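Before any comments, here is the structure.
Please read these numbers as outputs of a predicted model, since none were measured by experiment. First listed ligand is number 1; within each ligand, the first listed atom is number 1. Positions are given from 1 along the sequence.
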Amino acid sequence: ITTMETRGTVVFPENFVWGAATASYQIEGAAKEDGRGPSIWDTFSATPGKVRDGDTGEVACDHYHRYRDDVALMKELSLNAYRFSVAWPRIQATGTGPASPAGLGFYDRLVDTLLEAGITPYVTLYHWDLPQALEDLGGWTSRETAYHFAEYAAIMYGRLGDRVSHWTTLNEPWVSAFLGYGSGVHAPGRTSPHDALKAAHHLLLGHGLAARTLRSAGAEEIMLVVNSAPVLTPAQVNDPDAAVSEADAAAVHRIHTLLTRQFLDPALFGSYPEEVLAAAGRNGGTAHILDGDLEIINAPIDLVGINYYNPCVVEDGPGLGADPAWPGSEGVRFAPADAPVTAMGWPIVPSGLSRLLVRLSQDYPQVGLMVTENGAAFDDVVEDGRVHDGGRLAYLEGHLRAAHEAIAAGADLRGYLVWSLLDNFEWAEGYSHRFGVVHVDYTTQVRTPKDSALWYRDVIGNNGFSWSPNKP
Ligand code: PNW
């Protein structure tokens, strides 16, 4: 995008996949129905002080009972694809043992309803709702959890594999490990750098074991989804070509390694970056990494899913200790970005998405990429049956232009899924922040497509859009 351009048209490649994403605990509700066991998020949200306003996912968007209406809504919005996750404790209440017919039945009906509507299901096996019974045995700090996860993956493929081609093992293992076991901001709320590093390794092991299982059962496409971001200095946020000192470059490299390479290097190259092993060495050791693990983790996959919201901004921070969510980040200062922010306080930097996609396509040429989440929280209100969410519309437009630019620059980007279809339970933030392109009234459960959803429907219909600065 040159600074001279004031309007333009972008058209995406043929067969580009357009859709929306959700996650089980964030929308389903029905937390105690049909034999579903408790997950770490039930426990965590029931613990005072952990989730804003004491919110829980007990009812959420009641999607468990309203999935038919929700699929009809997806069809109205012309979605090609819908990414959802399976609640493991609906399938195995304690994380092991025989599968629950009722739990399987729900996802079976959901998949059939999607297919009848002409919408391709993208199934994520783990979007953070670990059965509490497994957490009681150590959760992801226990190696056994990885093996249980692969058994659960086999169960799901056995039931849905005849109709579902697109499989994702894990959503954002960085968040599971480092917010769940490092900073403790997410469930299970543990705070130990050694546990977090162990959890990260066992999540990767679970990914590799499940990928092997899915592949040998016949899965067509296997994906790992990571939360990634370009790591920038403060000056680079608004000037990509800004000069970077040697010390700042080291901080940038360190955080890029901890955020992205820590997961994608083992999964795609079969090796950990040196810096990750060194960080583990300073935090309780590497005894949990056994001979042969990396070969399992390196199981062939087809796609990497990228969840992008904002860049990571860092600079040299001499003498600083590690951030609790970032074991190995000694000497790095996390800095604010000079950019407008969403209701989450997250900076809006669309160019970050093109930078990221181009870089990842270069660094990991053996896989295709998909934007599996991108979106923004704003304080939306319904007025006369409409939601005028111009801020979100502008966010999506900017990021889709950036995605298009990345494709033009050679990134192998196959599709884009907006986060999220519905307003939902935003983890530690509860219901205070709305990410949906569809508004949800949590009292009546009424759904209202926002202006961004109507715009997105047209984008899908045209496989692109025209933009100009004063367009709503
Ligand atoms: C992702 N962070 O979560 C998740 O995949 C979604 O379930 C979530 O609703 C969405 O992004 C919006 O937050 C993240 O603090 C949560 O770095 C927190 C962070 C990153 C991703």
Side-chain angles (χ1 to χ4, degrees), residues 20-28 39-41 44-45 50-52 55 57 60-61 63 83-87 122 124-130 168-187 189 196 200 203 223-231 255-256 258-260 262-263 304-314 323-326 329 334 337 341-348 352-353 356 370-378 392 395-396 399 417-438 440:
T22 64
S24 47
Y25 192 70
Q26 295 183 272
I27 65 164
E28 285 180 0
S39 80
I40 56 175
W41 271 96
F44 191 74
S45 59
K50 298 297 186 188
V51 174
R52 196 199 281 218
D55 288 344
C61 307
H63 172 75
R83 171 179 181 250
F84 64 93
S85 77
V86 175
Y122 279 70
T124 298
L125 291 168
Y126 187 73
H127 199 131
W128 309 352
D129 37 7
L130 184 74
T168 293
T169 54
L170 306 175
N171 178 69
E172 302 188 351
W174 184 90
V175 172
S176 295
F178 294 104
L179 300 189
Y181 296 83
S183 70
V185 169
H186 279 194
L203 281 153
M223 172 156 65
L224 171 64
V225 170
V226 294
N227 52 303
S228 190
V231 183
I255 296 306
H256 176 67
L258 295 178
L259 178 63
T260 301
Q262 176 159 22
F263 295 92
V304 166
I306 304 298
N307 296 348
Y308 171 76
Y309 292 91
N310 51 262
C312 211
V313 184
V314 304
D323 182 289
W326 298 87
S329 68
F334 290 86
V341 296
T342 67
M344 294 288 283
W346 294 354
I348 303 173
L353 180 59
L356 177 67
M370 180 136 174
V371 173
T372 36
E373 288 182 23
N374 174 244
F378 286 100
R392 179 175 297 98
Y395 180 100
L396 298 180
H399 286 78
L417 309 177
V418 68
W419 183 270
S420 179
L421 176 70
L422 303 171
D423 291 337
N424 61 46
F425 176 78
E426 177 50 32
W427 308 113
E429 300 296 322
Y431 297 99
S432 63
H433 293 307
R434 296 179 175 273
F435 271 93
V437 293
V438 174
V440 175

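One N or O on the side chain of Asn307 and one on the backbone of Glu373 form a donor-acceptor pair closer than 3.5 Å. Judged by distance alone, the side chain of Ser85 and the main-chain N or O of Thr124 form no donor-acceptor pair under 3.5 Å.
Checked against Met370 for a side-chain contact (heavy atoms from CB on, under 4.5 Å), the options Thr168, Val225, Leu417 give a single hit: Leu417.
Put simply, part of Leu179 is less than 4.0 Å from ligand 1, judged by heavy atoms. Distances shorter than 4.0 angstrom occur between a heavy atom of Trp346 and an atom of ligand 1.
Nearest to atom 21 (C) of ligand 1 among the protein's heavy atoms is Glu172 OE1, 3.2 Å. Looking at atom 20 (C) of ligand 1, its nearest protein heavy atom turns out to be Val175 CG2, 3.8 Å. Ranking the protein heavy atoms by distance from atom 13 (O) of ligand 1 puts Glu426 OE2, 2.6 Å first. Protein heavy atom in closest approach to atom 10 (C) of ligand 1: Tyr309 OH, 3.2 Å.
Between Glu373 and ligand 1, an N or O atom pair is found at a separation short of 3.5 Å.
The option with the heavy atom closest to atom 17 (O) of ligand 1, from among Trp174, Trp128, Phe425, Tyr25, is Trp174.
Of all atoms in ligand 1, listed by their number and element, those nearer than 4.0 Å to a heavy atom of Trp427 are 6 (C), 7 (O), 8 (C), 9 (O). The ligand atoms of ligand 1 that sit less than 4.0 angstrom from a heavy atom of Asn171 are 5 (O). Counting atoms of ligand 1 from 1 in the listed order, those under 4.0 Å from a heavy atom of His127 are 4 (C), 5 (O), 6 (C), 7 (O).
With ring centers used as reference points, His399 lies under 6.0 Å from Tyr308.
Atom-to-atom distance recorded for Asp129:CG and Phe44:CZ is 14.0 Å, nearest 0.5 angstrom. Taking CH2 from Trp427 and CG from Leu179, the interatomic distance works out to 11.5 Å, rounded to the nearest 0.5 Å.
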Using the rule given for side-chain hydrogen bond (donor to acceptor under 3.5 Å, both in side chains), can you reason through Asp423 versus Tyr431, listing the C-alpha separation, both sets of side-chain angles and the distance that settles it, and then say yes or no?
CA-CA 8 Å; Asp423 291 337; Tyr431 297 99; over 6 Å; no
Assess whether side-chain hydrogen bond (donor to acceptor under 3.5 Å, both in side chains) is satisfied between Ser45 and Tyr25, documenting all intermediate values.
CA-CA 11 Å; Ser45 59; Tyr25 192 70; 3.1 Å; yes
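Under 4.0 angstrom from ligand 1, there are no non-hydrogen atoms of Met344.
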